[in-house]
**Q** 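This is the structure I have questions about; it appears just below.
Letters A, B, ... are given to chains in the order of the sequence lines, protein chains preceding strands, and every chain is numbered from 1.
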There are 2 protein chains.
Amino acid sequence: MTEEDHEPAAGTHAGQVNMADVARRAGVSIATVSRALRGLPGVSPRTRSRVLSTVEELDYVVSPAASSLRGATRRVAVVLPRLDSWFASTMLATIESTLRQADLDVLVYQVGTEEKRTHFFRDLPTRRKVDAVVLVTLPIGGEEEARLDLMGVQVVIAGTRLRDFPSVSVDDVAIGYGAVRHLVDLGHRRIGMIRTFDTDGAQWASELNRLTGYLNAVAAHDLPDDPALVATVPYGIDAGAEGMRQLLALPEPPTAVFCYSDDIAVAAMTALSQRGLRVPEDISVIGVDGHALGELFRLTTIDQHVTDQARTASTMVLDLLAGHSLADSRVTLPTHLVERGSTGPPAPSRTREQRAGRTRSAQ
Amino acid sequence: MTEEDHEPAAGTHAGQVNMADVARRAGVSIATVSRALRGLPGVSPRTRSRVLSTVEELDYVVSPAASSLRGATRRVAVVLPRLDSWFASTMLATIESTLRQADLDVLVYQVGTEEKRTHFFRDLPTRRKVDAVVLVTLPIGGEEEARLDLMGVQVVIAGTRLRDFPSVSVDDVAIGYGAVRHLVDLGHRRIGMIRTFDTDGAQWASELNRLTGYLNAVAAHDLPDDPALVATVPYGIDAGAEGMRQLLALPEPPTAVFCYSDDIAVAAMTALSQRGLRVPEDISVIGVDGHALGELFRLTTIDQHVTDQARTASTMVLDLLAGHSLADSRVTLPTHLVERGSTGPPAPSRTREQRAGRTRSAQ
DNA sequence: CTGAAAGCGCTTACAG
DNA sequence: CTGAAAGCGCTTACAG
């Protein structure tokens, strides 16, 4: 007797409490427990509350594995190149918050290297595990793209576009163009750019597009289009500093520099301050992102509202899972110039003479 | 006839291919398919390869939901306060890589606010969804701690300690002590600290411990222990700058400052450079973390090897899932002073006189 | 080496 | 409003 009183409330077997345990204890059928638990109609208030209190008592939770054997998994995968960039972690943070509110669980997959990307698209580890996958700024080749169709789940693209998948992104060409234009408006003519390349050999759409925007603006405003004004450096913490060093080593350095990202811009500014050069008096710097760090360094930037992009992508996921068709919904979000202290008019005459002198003596 | 040839290779029904489809097509039983797929003994090489090629052909993948109905979920949850800090995103990135290699999937839960934390520990959303959960630097109260036992899964703690759960962390008291000691060795006596507090009201163990280390060192070396030398500022991008401003506003500012983290230290250094003060000539700055940004700013820091911590935590998870008991395995990893350019000897006489003068005229 | 069958823990028509 | 039962897609003793 006393012995029996000590049997665990959790049921007779060692493992998890299951729905049968609850049903038995509440004196109803399994079906009724299931209905009561999910708030389905056809359960009397009394029965429902009895079930619910038994559930409480036994500290029972439904097995997601068993229930998803029929329906949805209520899981979403977020796939991104790396987590250690401001862009990526902000994306993931916002997507997680938004989806979690809708009671969805979020799985993360980092596919930063060529190898991991290949594996991912070959094995498609997300198949049958999730209801949807969000691909964040992934460089995707032709074969990989084809594999996407086999994924068997909803696909949303964030930070770029891909075929006719639902996507949210910004206009990176316009970003590059707008940055240069801002510098032109301030009176600059000799404008450099610092871009990065992935040491892994991947082609980043945004990277290419921002360069295109830069080049378009250079052409449109009839600026000097010296190829040496574009410094291309390997991605890394020091990238911006290295790029700036290259530009400063030119016979005729630029008076303003457009940087691929805020990270790059901040690093570029450290290289300037190490040389004793002032921003923006000696050289103007503009970035892209809206990184919190930019505020600290009074960096002028083009804000691409990453949080908004992430929220939009999340909403798309929610809509798709709700059964809405999102055919042809490729959203381009607006970006905004945020003027802070790192851009200003060039110091024209002095700089020009100095440069001319230096150029001649160098040759 | 021709019609039948056109039936989808995927099987007769619209949805997913299942194991029965594969079995039928390969002309074997479901049991054999299951065995072949998991490399179990008791399947002839011929049969195995036939099954495997059928699987290939039908592009079949096992349903994780169905197979986890018995065994493990092969999923691990990583729970952290926020993702938008260097520490957190580095942790998650490394844990994901490590666990992914072991073919485990990683779920993320951000519980940054008091409210989310309460919800998390009340609802325990990870129950029955994962095999293990890694709690990263989570401030955990008494009741929450009790709920952990109900989680029903393996628990690993990273970045701090909790009861006798397996954990990996560093000695934050030693970090605070070591930082101050480094400054003392350089000749500093008047040493400040910039700490932060969570705007959400949470108590961070590492925060408290580093302060304790600082205070211990101050006492041990008989340094001036003016309470005003500890600037406590709300967490945020500007925290370090704000803290430094407070310290500089003192009648007698410190000659060196220990910052809670590298982020804080970098922000503090921007405040200094805006005042035209040089690091380390006018004031020394030391941080904690080993953040990549620190390299860029030539910041002296105490590296807490976050990647190692993350790897250790991942290994613990793997061990636990392999059935090894990890009772009483609370690992404390070593930290290292990384001397870069932001700390140096004080400029004693000048500074002292100047201060003395200032102090008098101020009173 | 192989298969028929029970069972994992649910959900959902189908009866009543 | 409630329950018995089939079925989701696997895994795993148990026979052979």
**Q** From C-beta outward on B/Ser44, which listed nucleotide comes closest to its side chain: C/dT12, C/dC1, D/dT11?
**A** C/dC1
**Q** Base, sugar-phosphate or nothing for B/Thr47? Non-hydrogen atoms, less than 4.0 Å.
**A** sugar-phosphate
**Q** Check the phosphate of C/dG9 against A/Tyr60, side-chain N and O only, distance under 4.0 Å to OP1 or OP2. Yes or no?
**A** no
**Q** Between A/Asp123 and A/Arg147, does at least one N-O distance fall below 4.0 Å, as a salt bridge requires?
**A** no
**Q** Counting side-chain heavy atoms from CB outward, which of C/dG9, C/dT12, C/dC1 is closest to A/Leu69?
**A** C/dG9
**Q** Work out which heavy atom in B/Gln110 is nearest to a heavy atom in A/Ala93; give both atom names and the distance.
**A** NE2-O, 2.7 Å
**Q** Measure NZ/A/Lys129 against C1'/D/dG9 and give the value in whole Å, please.
**A** 16 Å
**Q** In residues 38-45 of chain B, what donor-acceptor pairs under 3.5 Å come from side-chain atoms, sequence neighbours left out?
**A**
unit_1	atom_1	unit_2	atom_2	d
B/Ser44	OG	B/Thr47	N	3.1
B/Ser44	OG	B/Thr47	OG1	2.6

**Q** Quick one: A/Leu40 CG to C/dC10 P, roughly how many Å, whole number?
**A** 15 Å
**Q** Whole Å only: how far is the CG atom of B/Asp21 from the C1' atom of D/dC8?
**A** 13 Å
**Q** Would you kindly give the CG-to-P distance between B/Leu37 and D/dT12, to the nearest whole Å?
**A** 13 Å
**Q** If the threshold is 4.0 Å, N to carboxylate O, is there a salt bridge linking A/Arg100 and A/Asp105?
**A** yes
**Q** If you find the nucleotide of DNA chain C closest to A/Ala65 and the one closest to B/Gly42, which residue's nucleotide is nearer the 5' end?
**A** B/Gly42
**Q** Would you mind telling me which of D/dT2, D/dT12, C/dT11 lies closest to the side-chain atoms of A/Met19?
**A** C/dT11
**Q** With heavy atoms under 4.0 Å as the rule, sort B/Arg128 into base, sugar-phosphate or nothing.
**A** sugar-phosphate
**Q** Checking the side chain of A/Ser34 only, and the main-chain atoms of A/Ile30 only, is there a donor and an acceptor separated by less than 3.5 Å?
**A** no
**Q** Let's see if you can work this out: which of D/dG9, D/dA5, D/dT11 has an atom nearest to the side-chain heavy atoms of B/Ala66?
**A** D/dG9
**Q** Give the rounded distance in Å between these two atoms: CG of B/Asn18 and C1' of D/dC8.
**A** 9 Å
**Q** Write down the distance between CD1 (B/Ile30) and P (C/dA5), rounded to a whole number of angstrom.
**A** 12 Å
**Q** Tell me if the side-chain of A/Arg35 makes a donor-acceptor pair with the base of D/dG3, cut-off 3.5 Å, by modelled atom types.
**A** yes
**Q** Using a strict 4.0 Å threshold on nitrogen-to-oxygen distance, state whether A/Glu57 and A/Arg25 make a salt bridge.
**A** yes
**Q** When the distance from CZ of A/Arg24 to P of C/dG9 is rounded to whole Å, what number comes out?
**A** 11 Å
**Q** Quick check for you: among D/dT2, C/dT2, D/dG9, whose closest atom lies nearest to any side-chain atom of A/Thr32?
**A** D/dT2
**Q** Tell me the interatomic distance from A/Arg38, atom CZ, to C/dG9, atom P, rounded to whole angstroms.
**A** 18 Å
**Q** State the pairing partner of D/dG3; accept Watson-Crick or G-U wobble contacts with both distances under 3.5 Å, and report none otherwise.
**A** C/dC14
**Q** With respect to the phosphate group of D/dT2, does any side-chain polar atom (N or O) of A/Ser29 fall under 4.0 Å of OP1 or OP2?
**A** no
**Q** I want to verify a distance call: between D/dT11, C/dT11, D/dG3, whose nearest atom is closest to the B/Ser67 side chain?
**A** D/dT11
